[in-house]
Student: 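Before anything else, here's the structure in question.
In this text the structure is predicted, and so the values were computed from the model without any measurement. Order of the sequence lines sets the chain letters (A, B, ...), proteins ahead of strands, with each chain counted from 1.
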Amino acid sequence: MLAFILRRVMQSVVVLFVMSLIVFSMINLVGDPVDMLVNPESLPEEIDRVRRDFGLDQPAYVQYWKFLTGALAGDLGNSFIFGRPALALMVERFPATLELATSALIIAITVGLPLGIYAGLRPNGWGTRIIMGGSVLGISVPTFWLGLMMIIVFSVILGWLPVSGRGETAVFLGIESSLFTLDGLKHLILPATNLALFKIAMVIRLTRAGTEEVMAQDYIKFARAKGLSSKRIVRAHLLPNILIPIITVLGIEFGTLIAFATVTESIFAWPGLGKLVIDAIVNLDRPIVVAYLLFVVALFLVLNLVVDIIYAVLDPRVRLQGEGG
Amino acid sequence: MNQLKLLSIQGLRTEFPTPDGPLAAVSGVDLEVTRGDVLGIVGESGSGKTVLGLSIMGLVDRPGRVTAGRIAFGGTEITNYSEAQWQGLRGNRIAMIFQDPTTSLNPVQRIGVQMIEAIQAHRDVSTDAARQIVREAMVRVGINSPDERLEAYPHQFSGGMRQRVVIATALLNEPDLIIADEPTTALDVTVQAQILRDMRRLCRDTGMALIWVSHDLGVVAQIAHRVAVMYAGRIVEQGATEVMLKSPSHPYTAGLMASMPANAPRGQRLVSIPGGLPQLSNLPKGCSFAPRCAHATTACDVLPELSPTSPDHAVRCVSPLQERS
Ligand SMILES: Nc1ncnc2c1ncn2[C@@H]1O[C@H](COP(=O)(O)OP(=O)(O)O)[C@@H](O)[C@H]1O
Ligand code: SF4
Ligand SMILES: [Mg+2]
């Protein structure tokens with residue numbers, strides 16, 4: 001297990017390095033950040049000074065070298081706009097995004113799993129048709145449009161929930177989160193549901209396909225031949241088998257939840273990473289964009305590793321490569 | 001009513017709807033099994049043996065179902081049992097073992113869990129008490145060091161060992177009848193012989209009845225007191241094993257015997273019956289075997305009844321073969 005983890009960490013470092021090179025080259029091709037930093041009516045000398053101050057007058061490879069040596073020391077550069085370290089800004093914003101993505105994931109599982117199992121057990125039922133129809137809708141309707149509709153219906157017309165922003169937070173077990181206050185929950189519910197919708201549909205489909213596949217297996221027939229109740233068969237034989245692929249996919253999807261959160265955060269003015277990076281893109285705030293992209297890559301790498309480990313723990317047949325035996 | 005009559009089936013018909021109309025996998029089957037009896041059911045693949053077994057267990061895959069006939073078990077009609085009533089019967093009074101031991105056990109649950117649940121589905125016993133029953137059943141089928149085995153997962157066992165686990169599971173609640181659906185087909189010859197020997201001993205010791213299903217008349221002859229030969233969903237010949245082996249009266253049975261390796265004259269190729277099973281959804285009007293039968297005449301255009309030729313022998317053929325000397 002340890003050898004496996006070590007090897008994966010080394011692979012991850014290589015991937016991160018290559019990604020940093022790609023991201024850095026690409027971003028140097030778009031726009032001129034200095035235009036955003038100075039008053040359009042500034043004198044040429046003034047513009048040159050700003051360019052020098054930010055090191056933007058240097059050749060790209062020098063800039064990259066500076067970035068790389070800084071990154072190895074834990075410094076991803078300063079935001080052009082905020083004038084503060086990009087990493088610190090991201091660390092500040094990350095809890096809000098994590099909270100949103102985690103809530104969305106929990107919603108997706110608690111809603112999607114039972115519906116998917118129901119649909120898988122009764123492939124021809126009426127309920128199944130409604131569930132599957134709903135899930136097609138969930139996948140095909142754009143997130144931003146649904147988000148706006150949700151705001152119009154629940155906030156503007158019904159007035160039940162706040163329109164935007166993050167609510168009060170409270171500290172519980174050393175974690176500061178808006179999950180622990182009523183106001184926080186009220187603010188969270190719309191954006192989390194909005195972010196979850198796509199995933200609910202995905203969980204339903206995955207679960208249904210898994211359920212149909214597992215229920216056709218001989219071991220289910222043998223379990224029924226033992227006289228087990230349907231409840232027991234679902235809990236002891238169906239669930240453990242469908243959870244393996246579902247957890248694998250969801251582990252990876254957690255990364256896309258954080259990445260997709262950019263749209264939801266923009267609609268609901270949720271002060272998370274996504275909003276930070278969208279603003280950074282608009283303002284050509286290169287250090288933030290680079291730091292964010294590298295962060296997302298690192299996140300996917302870590303999630304992949306964690307998923308592989310969970311997979312090995314859940315499925316007794318799986319032995320990780322690099323592990324003896 | 002004869003007290004010894006354990007299972008009594010009359011006119012059983014099991015159909016699957018298909019686009020070309022209903023497919024009768026089992027049709028007009030009459031069977032009787034007394035306590036302690038070992039009945040062999042023989043027929044080539046697709047002749048309806050498995051569906052017959054599943055019909056007795058109330059486990060026919062939907063949308064297939066029993067459409068006619070009656071099944072009585074221990075003097076009680078069970079044909080129209082509710083799902084809850086079936087659950088009380090399955091694995092408790094009637095157990096079933098399936099063909100492929102590699103797929104009969106849930107890959108992600110420990111052997112112990114899968115066996116203990118079979119007891120607790122029917123009896124209100126503690127897990128410790130159930131574990132003791134499991135240990136005893138394992139020893140009875142020749143599994144050594146049961147305590148270690150209980151903690152193992154199916155993939156850690158050989159095919160033969162897995163089938164022993166399945167057999168031990170079937171024995172747990174001391175059923176009156178075990179339906180063994182080709183339990184040794186997937187195993188090698190040595191293991192098959194051992195399991196046959198063990199099953200014979202178990203039946204003798206416990207007095208439970210056994211229905212042994214196989215496509216191999218040779219295997220059935222080693223264990224069964226009586227044999228029923230199935231062809232295209234119908235029983236075409238039935239009788240005491242010695243009588244059937246000595247004087248097969250149905251041309252199909254005679255063909256099966258001629259194709260047994262033990263009966264081939266040295267140095268000669270095996271004779272196999274020409275042709276294959278007819279399409280079940282489109283059977284010939286009269287005798288289903290007619291297209292392959294060397295003795296077919298116009299008299300065979302009417303479906304023959306299963307009629308006795310001697311007290312312990314019945315055959316479904318208009319011109320049964322004469323007894324061989
Ligand atoms: N679930 C099912 N759906 C449709 N047809 C089935 C199903 N199970 C069995 N059959 C049909 O019933 C017939 C008998 O099958 P089976 O009982 O498995 O034969 P055997 O066990 O003798 O090999 C086959 O023609 C098969 O196609
Ligand atoms: S009834 Fe006719 S076709 Fe059928 S087995 Fe007998 S002789 Fe052959
Ligand atoms: Mg079969």
Student: Shortest non-hydrogen contact from B/A121 to A/G227?
Tutor: CB-O, 3.9 Å
Student: At their closest point, which heavy atom of A/F222 faces which heavy atom of B/F98, and how far apart are they?
Tutor: CA-CE1, 3.7 Å
Student: Mind ranking A/A225, A/S229, A/S230 by heavy-atom pairs under 4.5 Å with chain B and telling me who comes out on top?
Tutor: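 Of the options given, most contacts go to A/A225.
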Student: Got A/K221 and B/D61 here, is their nearest side-chain heavy-atom distance under 4.5 Å?
Tutor: yes
Student: Name the region of A/I220, side chain, backbone, both or neither, that has any atom closer than 4.5 Å to a heavy atom of chain B.
Tutor: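 No part of it gets close to chain B.
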Student: Counting only heavy atoms closer than 4.5 Å, note whether A/R224 contacts chain B via side chain, backbone, both or neither.
Tutor: both
Student: For B/Q114, which atoms come within 4.5 Å of any heavy atom of chain A: side chain, backbone, both, or neither?
Tutor: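 When you check distances to chain A, atoms from both the backbone and side chain of B/Q114 fall under 4.5 Å.
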Student: Can you tell me which of B/E117, B/M96, B/M57 forms the most heavy-atom pairs within a distance under 4.5 Å of chain A?
Tutor: B/E117
Student: What part of A/A236 lies closer than 4.5 angstrom to a heavy atom of chain B: side chain, backbone, both or neither?
Tutor: both
Student: Given a strict heavy-atom distance threshold of 4.5 Å, which part of B/L54 is in contact with chain A: side chain, backbone, both, or neither?
Tutor: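 The side chain, not the backbone.
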Student: Checking B/T102 against chain A: side chain, backbone, both or neither under 4.5 Å from a heavy atom?
Tutor: neither
Student: Please confirm whether the backbone N or O of A/L228 pairs with a side-chain atom of B/H122, one donor and one acceptor, at under 3.5 Å?
Tutor: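 No, the answer is negative, given that no donor and acceptor are paired below the 3.5 Å cut-off.
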Student: Identify the residue among A/I233, A/N241, A/D218 that makes a side-chain contact (heavy atoms from CB on, under 4.5 Å) with B/N106.
Tutor: A/N241
Student: Kindly give the heavy-atom pair with the smallest separation between B/P107 and A/Y219, and that separation in Å.
Tutor: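 Reported closest heavy-atom pair: CD-CE2, 3.5 Å.
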Student: Mind checking the CZ-CD spacing from A/R232 to B/Q120? Nearest 0.5 Å is all I need.
Tutor: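 Rounded to the nearest 0.5 Å, the CZ-CD separation comes out at 8.0 Å.
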